[in-house]
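This one's a predicted model, so the numbers in the text were calculated from it and none came from an experiment. Numbering of ligands and ligand atoms starts at 1, following listing order. Only heavy atoms go into these numbers, but all of them, side chains included; no hydrogens, no water, no symmetry mates.
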Amino acid sequence: MSASSRPRPLRKMVLPVAGLGTRFLPATKAVPKEMLPVVDKPVIQYVVEEAVAAGIEQIIFVTGRGKGALEDHFDHSFELESTLQSRNKTQALTEVRAPIQAAGNVIYTRQQEPLGLGHAVWCARHLVGDEPFLVALPDVLTDPAAPCLARLIEIYGETGGNVLTLKEVPLEEVKKYGIAATGAPRGDIVEITGLVEKPDPERAPSRLHVLGRYILQPEIFGLLETQTRGAGGEIQLTDAMARLMERQPFAGQVFEGGFWDCGDKIGYLHANLAIGLSRGDIGPKLRPVLAQLQLEA
Ligand code: G1P
């Protein structure tokens with residue numbers, strides 16, 4: 001791509017966080033599922049930190065009723081901060097302040113009805129405006145050791161257009177995801193030629209699933225506006241992307257790192273153990289606990 005046709009810079013990220021978290025009841029009755037901790041940080045904080053480190057400046061939450069804890073988490077807590085300060089708990093104070101972004105850089109809107117992911121993204125249209133944007137599904141956690149978003153944004157710098165993170169899953173799991181039809185890979189980049197939401201294994205065009213990290217062009221909003229309901233009776237982002245593909249290129253980032261679906265109990269427990277084991281302050285103490293449990297099993 002020549003310098004003159006360099007893709008427009010990516011500044012904004014949309015985080016759809018309106019989901020009810022029914023798979024985690026009763027824990028999510030009064031606590032948003034995105035606030036459940038993985039070791040000692042809420043699930044949502046991992047993706048926000050990764051995106052900010054990769055250069056994202058504005059974070060747009062598409063939230064809903066009962067999600068106030070999310071807003072509080074990304075704001076100051078003066079009482080807590082002054083107590084920690086007066087007790088000289090500097091490390092804890094740093095942790096408490098870590099999620100806070102520059103004033104005005106975190107924006108909230110509400111999805112008033114649970115009409116699906118496509119509808120949630122459409123709710124952010126005025127806040128995104130006429131520029132490319134990143135969408136990240138916070139239930140999905142990628143291994144912090146593998147720089148998923150930084151590489152996704154780098155690929156976008158090369159290809160422009162729309163870029164989705166893809167990851168292979170076992171055939172029996174394709175029914176849970178958006179699945180891509182692709183061309184031949186060039187390193188970790190593939191052309192995406194088709195997308196289908198939650199196909200039966202026998203109809204799946206591949207085993208490459210859409211992992212929940214998307215760079216999209218703003219033309220998606222016009223298509224979402226007219227998108228009819230698809231899989232599960234919901235307005236699916238996948239269906240609108242399949243229509244956008246008729247007009248604009250789509251590339252895939254074939255992600256080799258690990259990921260965990262924290263919207264699923266086993267995925268969530270797996271993320272806690274994997275991230276706990278990878279941490280210098282926790283791993284050495286957790287390892288013998290796991291070994292002991294395995295002996296007892
Ligand atoms: C959503 C998307 C799907 C994607 C998945 C990733 O599905 O619709 O295309 O593969 O997230 O986790 P959901 O998990 O909302 O059913």
Y268 and F24 aromatic ring geometry - parallel, tilted or perpendicular at 30°/60° bounds: perpendicular
Top protein contact for atom 1 (C) of ligand 1, by heavy-atom distance: L137 CD1, 3.9 Å
Any donor-acceptor N or O pair under 3.5 Å, side chains Q236, Q227: no
Top protein contact for atom 12 (O) of ligand 1, by heavy-atom distance: V140 CG2, 3.6 Å
N105 and E57: side chain donor to acceptor below 3.5 Å: no
Contact with ligand 1 for L237, non-hydrogen, under 4.0 angstrom: no
Any N/O pair G178/ligand 1 closer than 3.5 Å: yes
Over-ring placement of K198 relative to Y177, 6.0 Å and 45° cut-offs: no
Donor-acceptor under 3.5 Å (E50 side chain, C148 main chain): yes
Non-hydrogen protein atom less than 4.0 angstrom from atom 14 (O) of ligand 1: no
Check: R243/T226 side-chain N/O donor and acceptor closer than 3.5 Å: yes
Where ligand 1 meets Q236 - atom numbers and elements under 4.0 angstrom, heavy-atom basis: 8 (O)
Nearest protein heavy atom with distance in Å, relative to atom 5 (C) of ligand 1: V210 O, 3.9 Å
Polar atom proximity, G212 to ligand 1 (N or O, under 3.5 Å): no
SB check E234 R229 (cutoff 4.0 Å): no
Contacting atoms of ligand 1, where contact means under 4.0 angstrom from a heavy atom of T238: 9 (O)
Proximity winner for atom 16 (O) of ligand 1, if only heavy atoms of K198, E197, K176 are counted: K198
